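See below for the structure under consideration.
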Amino acid sequence: REVVGAQMQAVERRATTIGLSQLGASSLSKVTVFMLYVPNEEKSLRLGSMSSRFAMLAITDLMYLELARKNVNDTRKRIIETRRTIEKIR
């Protein structure tokens, strides 16, 4: 719910949105321009779930680092804006 709310605010600000979710339809995919999917593998002891979470974290970190590296001066401003958006959602 919080992620979809944040994504909707990004759309309102005319941002190009990227979503990351397990394979399949989701409410996030309805408000996202570019969706990235990780496998939906649920195996014994929830190992599939763990591998999906690790994949999501790795992709998110790599996207963030690349965007921050390309525009270091603007990154700080955007982090502050993101923090304010999260505070509104909560």
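Predicted model only: the values in this text are computed from it and were never measured.
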Taking all heavy atoms of [X] and all of [Y], pick out the closest pair and write down the distance.
X   : Y   : value
T85 : R13 : OG1-NH1, 3.3 Å
S27 : V4  : OG-CG2, 3.5 Å
N71 : T75 : O-OG1, 2.8 Å

A quick test of your reading: do over 12 heavy atoms of other residues, nucleotides or ligands sit less than 6.0 Å from CE of M56? yes
Spell out, as yes or no, whether a donor-acceptor pair under 3.5 Å connects the side chain of S26 to the backbone of S29. yes
Under a 3.5 Å distance rule, please check whether T17 uses its side chain to pair with a backbone N or O of V33 as donor and acceptor. yes
Going by heavy atoms in the side chains, are [X] and [Y] under 4.5 Å from each other?
X   : Y   : value
F54 : I59 : no
Q9  : I89 : yes
L28 : M35 : yes
L20 : F34 : no

Sequence neighbours left out, what passes side-chain hydrogen bond (donor to acceptor under 3.5 Å, both in side chains) with R69? Give chain and number order. E66
Is there a chain of hydrophobic side chains (I, L, V, M, F, W, Y, each step under 4.5 Å between heavy atoms) that links L67 to V72? no
Residues in side-chain contact (heavy atoms from CB on, under 4.5 Å) with I80, at least two apart? R76, R84
Return each pair, listed once, that meets salt bridge (Lys or Arg N to Asp or Glu O under 4.0 Å) where at least one residue sits in residues 23-38; pairs must be two or more places apart or across chains. none
